[in-house]
Engineer: 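Following this message is one structure expressed as structure tokens.
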Amino acid sequence: MSETRRKLTTIFCADVQDYTRLMGADEEGTLASLKRCREAMGRLIESHGGRVINTWGDGLIADFPSVVEAVRAAVDTQNELAGFNARRPADGRMLFRIGINLGDVIVEGDGIYGDGVNIAARLQASAAAGGIVISSTVYDQVRNKVAVGFEFLGPLMVKNVDEGVPSYAVKIGDARDETPPAERSGPARPQPQPAVMAAAISEARPAPRGSRLYGVLAVIAAVLICINLLSWQGIFWARFPVLALAVVAALAWNRDQTLFNRKITSLAIVALGIAGINLFTWTGQFWAMWPILGIAAVMGVRWSMRR
């Protein structure tokens, strides 16, 4: 049986943007381009001291003993592939996305597994076409050692990881911009186009859809209050549906926020909703303290398990 052990390593993940579309348009040409690009990537990975662990479809995973060399390999890869793509039509370019993470992984045979790998894959998926996204653990090691710029993208939510993973886009110039050179105006700039950075940010964090929902909920609440006032019979019944709408709005906000743990924040919102019901039906007894105490206990357990 193969030996299972752990190690700290730099994980490098890459795949092709719009690979399915490229295959649908030209299978043989896409496979030939993929082979050529993957050979170039493998050569550059090896030249920087890394090793290719596995390839599948359009994906590739490698690891490096050096964080700095992993980022240099990624930058060299994107620069070389930019030259390859410059000679191709805009709709036929093979643009790779690369994610890099430094983490503790499980090693079994020739494979590596664990959250460190999952985070690298999520970073890769959040990168712009032709771009590189790194975790904060990588950034801390390379920020003064590699001649590139960095753009903070904020926390990236990763499955099975409670806290968001702070991520950075590596700024390697306009070569990654999909706009043909003839259509650009002005001298070349050392930073990516804003559209490229916006794409990276929007993929790294799901676009908040709450703004529209908040507007709809506010209109519904206003209509209910108006109906209550226009048909006033001494009871402000609209307070209950308005409270429910406020809870829905808070849960929608929690779905998109990255500042706090979402599960704990959801429990806090529910507790506030229960307290609101108690206050709106006040009969001299604060019965909400019992369910709130139970929710607080659950929150405390979840918080302690994260430490």
Engineer: Find the distance between CG (Asp91) and CG (Leu22) and round it off to the nearest 0.5 Å.
Structural biologist: 8.5 Å

Engineer: Taking the side chain as C-beta and beyond, is there a heavy-atom pair between Val148 and Lys171 under 4.5 Å?
Structural biologist: no

Engineer: Under the side-chain contact (heavy atoms from CB on, under 4.5 Å) criterion, do Val165 and Arg122 qualify, and how do the steps go?
Structural biologist: CA-CA 10 Å; Val165 177; Arg122 183 66 182 88; over 6 Å; no

Engineer: Is Trp287 close to Ile277 at the side-chain level, that is, under 4.5 Å between some pair of heavy atoms?
Structural biologist: yes

Engineer: Hey, could you give me the CG/CD1 distance between Asn54 and Ile61, rounded to the nearest 0.5 Å?
Structural biologist: 7.5 Å

Engineer: Could you pull out all residues at least two apart from Ser66 that satisfy side chain to side chain contact (heavy atoms under 4.5 Å, CB included)?
Structural biologist: Val68, Glu69

Engineer: For residues Val133 and Gln124, determine if any side-chain heavy atom of one lies less than 4.5 Å from a side-chain heavy atom of the other.
Structural biologist: no

Engineer: Could you name each residue pair satisfying side chain to side chain donor-acceptor pair (under 3.5 Å) that touches residues 137-147, not counting sequence neighbours?
Structural biologist: Asn101-Thr137, Ser135-Thr137

Engineer: Hydrophobic cluster membership, with links at side-chain heavy-atom distances under 4.5 Å among I/L/V/M/F/W/Y: are Val142 and Phe152 in one?
Structural biologist: yes

Engineer: Working note: Phe96 + Met94, criterion side-chain contact (heavy atoms from CB on, under 4.5 Å); need CA distance, chi angles, decisive distance, verdict.
Structural biologist: CA-CA 6 Å; Phe96 278 80; Met94 183 157 287; 3.7 Å; yes

Engineer: Check for me, please, whether Leu34 and Met23 land in the same ILVMFWY cluster - side-chain distances under 4.5 Å, paths through other members count.
Structural biologist: yes

Engineer: What residues join Phe84 in its hydrophobic cluster, counting side-chain heavy atom gaps under 4.5 Å, either direct or through other members?
Structural biologist: none

Engineer: Might you work through the side-chain contact (heavy atoms from CB on, under 4.5 Å) test for Asp18 and Thr20, ending with a clear yes or no?
Structural biologist: CA-CA 6 Å; Asp18 291 336; Thr20 302; over 6 Å; no

Engineer: Would you mind listing every ring-ring contact (aromatic ring centres under 6.0 Å, His included) that reaches into residues 27-67, with sequence neighbours excluded?
Structural biologist: Phe12-Phe64

Engineer: Should Met289 and Leu272 be regarded as members of a common hydrophobic cluster, given that ILVMFWY residues are connected when their side-chain heavy atoms come within less than 4.5 Å of each other, either directly or indirectly?
Structural biologist: no

Engineer: Taking a hydrophobic cluster as the set of Ile, Leu, Val, Met, Phe, Trp and Tyr residues connected by side-chain heavy atoms closer than 4.5 Å, whether directly or through intermediates, do Leu279 and Phe240 fall within one such cluster?
Structural biologist: no

Engineer: Measuring only between side-chain heavy atoms, which start at C-beta, is Arg38 closer than 4.5 Å to Leu60?
Structural biologist: yes

Engineer: What I'd like to find out is whether the side chain of Leu245 reaches to under 4.5 Å of the side chain of Leu224, using heavy atoms alone.
Structural biologist: yes

Engineer: Hey, could you give me the CG/CG distance between Asp15 and Asp58, rounded to the nearest 0.5 Å?
Structural biologist: 5.0 Å

Engineer: For Glu46, enumerate each residue passing the salt bridge (Lys or Arg N to Asp or Glu O under 4.0 Å) test, keeping only those at least two apart in sequence or located in another chain.
Structural biologist: none

Engineer: Are the charged groups of Asp63 and Lys7 less than 4.0 angstrom apart, N to O?
Structural biologist: yes

Engineer: Is there a continuous path of hydrophobic side-chain contacts, each under 4.5 Å between heavy atoms, that joins Leu267 to Ile292?
Structural biologist: no

Engineer: Going by atom types only, do Ser33 and Arg88 share a side-chain donor-acceptor pair under 3.5 Å?
Structural biologist: yes

Engineer: Quick check: do Ile274 and Asn278 have side-chain heavy atoms less than 4.5 Å from each other?
Structural biologist: no

Engineer: Hydrophobic cluster mates of Leu229, side-chain heavy atoms under 4.5 angstrom, ILVMFWY only, any path?
Structural biologist: Ile225, Trp232, Phe236, Val242

Engineer: Can you tell me how far apart CZ (Arg6) and CD1 (Ile112) are? Round to the nearest 0.5 Å.
Structural biologist: 11.5 Å

Engineer: Hey, are Arg43 and Glu80 close enough for a salt bridge, meaning a charged N less than 4.0 Å from a carboxylate O?
Structural biologist: yes

Engineer: Show, in sequence, the C-alpha distance, side-chain angles and deciding distance for Leu123 and Ile134, and conclude whether the side-chain contact (heavy atoms from CB on, under 4.5 Å) test is met.
Structural biologist: CA-CA 7 Å; Leu123 292 168; Ile134 62 175; 5.7 Å; no

Engineer: Is there a side-chain contact between Thr30 and Tyr19 in this structure, where contact means two heavy atoms from C-beta onward sitting under 4.5 Å apart?
Structural biologist: yes

Engineer: What distance separates Ser47 OG from Asp76 CG, expressed to the nearest 0.5 Å?
Structural biologist: 7.0 Å

Engineer: How many angstroms lie between CD in Gln78 and CD1 in Ile132, if you round to the nearest 0.5 Å?
Structural biologist: 5.0 Å

